[in-house]
Amino acid sequence: MPIHFSTSEDELIWNTSRNDAYSVNIDASISSEARQFMLGGWICNSNGEFMLARTSFSHGNIPAAEAEASSFLAAAHWVSQMGLTHVIF
C-alpha cells in the first residue's frame with residue numbers, strides 16, 4: 001500500500017491510499033531496577049483520529065530490541081482480536 005506525501009510551506013502531510021486503513025504506533029520502555037518492561041500502543045483511523053490505546057507490563061530484564069519486538073507482537077495480536085484489516089504499523 002503506497003503512502004502519498006504532500007507538502008505545504010510549513011508542514012509535511014501524509015496519508016494512505018486507502019480510506020479504511022488504520023495506523024498503529026507502538027513503543028516499549030525498560031526499567032532495569034524494577035526488572036520489568038512496559039508495552040504501549042495506540043490506534044488511529046485513516047483520518048489520523050485517535051481510536052484507543054492499550055498498555056501492559058511484564059517482569060524480566062530484556063534487551064531493548066526484544067522489548068520492541070514484544071511490543072510489535074502484542075500489537076499484532078491486539079489488532080487481530082479486534083478484527084482490524086489494512087493496518088499500518
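We use all heavy atoms of the structure for the numbers below, so side chains are in, but hydrogens, waters and symmetry mates are not.
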Looking only at heavy atoms, the pair that brings Glu68 and Ala28 closest together is OE2-N, 3.7 Å

Rounded to the nearest 0.5 Å, what separates atom OG in Ser31 from atom CE in Met38? 5.5 Å

Student check: side-chain heavy atoms of Met82 and Leu52 closer than 4.5 Å: yes

Look at atom CZ of Phe57 and say whether more than 12 heavy atoms of other residues, nucleotides or ligands are closer to it than 6.0 Å. no

Backbone N/O of Glu66 and side chain of Ser70: donor-acceptor pair under 3.5 Å: yes

Heavy-atom check, side chain of Val24 versus side chain of Ile88, under 4.5 Å: no

Distance, nearest 0.5 Å, that separates CG of Asn25 from OG of Ser71: 10.0 Å

Please walk me through it: do Tyr22 and Met51 pass side chain to side chain contact (heavy atoms under 4.5 Å, CB included)? CA-CA 9 Å; Tyr22 298 92; Met51 293 178 56; 3.5 Å; yes

Ignoring hydrogens, what is the shortest heavy-atom contact between Leu39 and Ala67? Give both atom names and the distance. CD2-O, 3.6 Å

Closest non-hydrogen contact found for Gly60 with Phe37 is O-CD2, 4.0 Å

Taking side chain as C-beta onward, heavy atoms only, is Ile43 less than 4.5 Å from Trp78? yes

In terms of hydrophobic clusters joined by side-chain contacts under 4.5 Å, are Trp42 and Phe89 together? no

Less than 4.5 Å apart, any side-chain heavy atom of Glu33 and any of Arg35? no

When you measure from the side chain of Asn47 to the backbone N and O of Glu49, does any donor-acceptor pair fall under 3.5 Å? no

Applying the 4.5 Å side-chain criterion to the ILVMFWY set and letting contacts propagate, would Ile62 and Phe72 be lumped into a single cluster? no

